[in-house]
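Worksheet: one structure, shown below.
Convention: sequence-line order gives letters A, B, ...; per-chain numbering from 1.
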Protein chains: 2
Amino acid sequence: MVARMHRCPLTGTRSPEGRTGPRGRTGRPRSAEADRAILGATRAALVELGWGKLTMSDVAARAGVAKTTLYRRWANKNELVLDAVAVLFDELELPDRGCLQADIEGVVLQFASLLARPETKTALMAVVAESTTDEALRLRIRSAVVERQKRLVILGRERAQARGELPPDPSGEEGAAAAGRAVGLIFDVIAGAVVHRALVSAEPVDELWAQQFSTLLLAGLSGLAGPDAPAAEPGPPGA
Amino acid sequence: MVARMHRCPLTGTRSPEGRTGPRGRTGRPRSAEADRAILGATRAALVELGWGKLTMSDVAARAGVAKTTLYRRWANKNELVLDAVAVLFDELELPDRGCLQADIEGVVLQFASLLARPETKTALMAVVAESTTDEALRLRIRSAVVERQKRLVILGRERAQARGELPPDPSGEEGAAAAGRAVGLIFDVIAGAVVHRALVSAEPVDELWAQQFSTLLLAGLSGLAGPDAPAAEPGPPGA
DNA sequence: CAGTTACGCTACGGGTCGTAGCGAAAGGGT
DNA sequence: ACCCTTTCGCTACGACCCGTAGCGTAACTG
């Protein structure tokens with residue numbers, strides 16, 4: 001009970017004395033390569049086995065590492081898998097496609113192709129499911145995925161406001177709060193719709209769907225079926 | 001290998017010779033009460049333990065039933081849990097609140113309160129996660145949850161069209177296909193947004209959020225921050 | 001050099017899974 | 001009534017996984 005491990009609530013990796021960095025640490029350092037090998041092995045195991053059949057022993061064997069080494073860094077399967085998958089979300093970008101609708105379609109398609117990968121598919125939902133009975137895991141998802149990816153919404157809004165496609169945020173404290181709520185709302189709508197389409201409905205998120213979705217998001221339900229044309233022209237939206 | 005069990009792909013319950021109903025069956029009939037007890041015990045176990053720690057032995061003990069009885073009816077944990085939870089979704093209704101926006105807010109709040117229950121929370125996501133590597137389970141989710149609940153969207157659209165709030169569906173084969181796509185799209189947007197807000201972002205789906213969401217859905221992004229007033233009046237939407 | 005920490009390895013207790021085998025109970029068909 | 005079929009409860013079982021303890025060794029610090 002003396003030199004016991006502590007879990008860092010931010011990074012989630014276990015570290016002696018609750019410290020994270022290599023600062024002031026004595027003794028043999030952790031192998032950074034082992035970290036990479038373990039996370040890579042975890043993703044590979046997710047692809048082949050899926051969340052349900054993934055085992056810690058299997059991951060250890062794939063990574064060429066002792067099982068005890070896994071438990072020195074992650075408290076359980078949930079946290080390991082979350083770390084293995086969360087980094088993939090940082091690949092998402094928001095290239096400037098010229099107009100808000102095209103930007104939305106672009107990020108939708110990017111997110112969809114990320115969700116099409118079997119490792120993210122199976123892991124993301126499982127981790128969220130576990131997070132409903134694991135407060136620490138919930139906080140970790142929030143900081144490792146949710147809050148990080150809101151950057152895409154914020155950036156998209158700023159661009160659209162600069163283009164004059166959206167009104168500027170109202171000033172003042174109340175205005176800032178409203179803007180924050182709007183960002184959260186839009187994030188939930190976009191990410192939620194894509195996830196639901198891809199994983200629950202289990203139907204493809206292709207260009208046609210992205211176009212219809214972005215049309216709905218921009219114009220609302222009343223404008224969805226208004227002009228006949230816009231959803232019927234399956235041309236590339238970037239042009 | 002002769003009198004082997006078959007899984008019925010529709011109901012998912014195992015039954016001898018692949019038959020479902022009591023038609024032409026001989027021998028001792030299945031105990032309907034055992035079914036009810038098992039599904040109830042499953043929900044209770046989900047509430048107390050969550051998906052991850054739920055065990056078949058525990059469910060059997062709670063239901064006052066032998067473990068073997070469980071395996072005679074469900075092939076595994078996934079299918080049992082899905083059946084136990086799917087029926088809860090049939091409680092959803094769409095009371096006529098007079099206008100489309102109020103109808104949307106109503107169904108959002110209902111869906112949110114369903115997702116607030118610990119048994120649905122933890123089970124729904126877990127089952128979806130498993131379905132990414134289990135084709136049979138995926139089909140079962142589709143028929144037991146997704147397709148069934150689209151009725152709410154269809155009904156809501158019909159009402160709104162009758163009120164003149166939405167344009168009528170275009171006629172012809174192409175028009176019907178477009179209407180079908182629209183229903184799927186709207187379903188994914190509404191259900192996805194609520195699920196994402198409640199489980200991933202893990203923030204409350206309250207009346208304020210429902211109001212902002214329905215406003216966004218109706219008017220689109222451009223109209224979200226247009227008139228200052230509508231999101232600032234936290235009055236009950238039913239009045 | 002000593003001190004400290006990470007690592008690989010083995011072994012283990014505790015738990016779950018899903019099945020097999022048994023005798024008894026509950027129905028249907030004739 | 002009688003046989004046939006199927007379900008039920010029970011026990012037992014092998015296989016597997018979890019997460020940890022203990023040990024000797026490797027790596028890095030001052």
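- In this structure, of C/dC7, D/dG19, D/dC8, it is D/dG19 that holds the atom nearest to the side chain of A/Tyr71.
- Comparing C/dC17, C/dT4, C/dT10 by their nearest atom to the side chain of A/Thr68 picks out C/dT10.
- When the C1' atom of C/dC17 is taken as reference, atom CD of B/Glu79 falls 15 Å away, rounded to whole Å.
- Considering only the side chain of A/Ala66, C/dG8 comes nearest among C/dT4, C/dG8, D/dG9.
- Comparing B/Met56 and B/Gly27 by the nucleotide of DNA chain C that holds the closest heavy atom to each, the one mapping nearer the 5' end is B/Met56.
- Note: CH2 (B/Trp74) to P (C/dG18) measures 15 Å, nearest angstrom.
- Atom CZ in B/Arg73 sits roughly 17 Å away from atom C1' in C/dG18 (whole-Å rounding).
- The NZ-C1' distance, from A/Lys53 to D/dA15, rounds to 15 Å in whole Å.
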Could you walk me through whether B/Asp188 and A/Glu203 pass side-chain contact (heavy atoms from CB on, under 4.5 Å), step by step?
CA-CA 10 Å; B/Asp188 283 327; A/Glu203 285 173 34; 6.0 Å; no

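- Checked against C/dG28, D/dC18, C/dG18, the side chain of B/Thr26 finds its nearest nucleotide in C/dG28.
- The base of D/dT6 lies outside donor-acceptor range of the side chain of B/Arg28, with no N or O pair under 3.5 Å.
- Environment of CD in A/Glu91: crowded, with over 12 heavy atoms of neighbouring residues, nucleotides or ligands closer than 6.0 Å.
- Closest approach to the B/Val65 side chain among D/dC18, D/dG9, C/dC17 is made by D/dG9 (side chain taken as heavy atoms from C-beta onward).
- Atom-to-atom, CD of A/Glu33 to P of C/dA6 comes out at 18 Å; the value is rounded to the nearest Å.
- The structure places CG of A/Leu92 at 6.5 Å from CZ of A/Arg151, a figure rounded to the nearest 0.5 Å.
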side-chain contact (heavy atoms from CB on, under 4.5 Å) assessment of B/Leu88 paired with B/Glu119:
CA-CA 10 Å; B/Leu88 300 178; B/Glu119 62 269 37; 4.0 Å; yes

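- Distance B/Asp58 CG to C/dC17 C1': 14 Å, rounded to the nearest Å.
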Give the intermediate values and the outcome of side-chain contact (heavy atoms from CB on, under 4.5 Å) for residues B/Arg73 and B/Asp83.
CA-CA 11 Å; B/Arg73 303 172 192 218; B/Asp83 276 9; over 6 Å; no

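- Annotation: of the two residues near DNA chain C, A/Lys67 and B/Lys67, the 5′-most nearest-nucleotide partner is A/Lys67.
- When the C1' atom of D/dC18 is taken as reference, atom CG of A/Asn78 falls 13 Å away, rounded to whole Å.
- With rounding to whole Å, B/Asn76 atom CG is found 17 Å from C/dT16 atom P.
- With D/dC18, C/dG3, C/dC17 as the choices, the nucleotide that has an atom nearest any side-chain atom of A/Lys77 turns out to be D/dC18.
- Nearer the 5' end of DNA chain D, as judged by each residue's closest nucleotide, is the contact made by B/Ala34, out of A/Leu54 and B/Ala34.
- Judged by atom type and distance alone, A/Arg72 does not reach the base of C/dA6 through any side-chain donor-acceptor pair under 3.5 Å.
- Side chain of B/Pro29, nearest nucleotide from C/dA6, C/dG3, C/dG27: C/dG27.
- Comparing C/dC17, D/dG9, D/dG19 against the side chain of B/Thr69 picks out D/dG9 as the nearest.
- Annotation: the span from B/Leu185 atom CG to A/Leu216 atom CG amounts to 5.0 Å, rounded to 0.5 Å.
- Side chain A/Arg30 to base C/dA6: no donor-acceptor pair is found below 3.5 Å.
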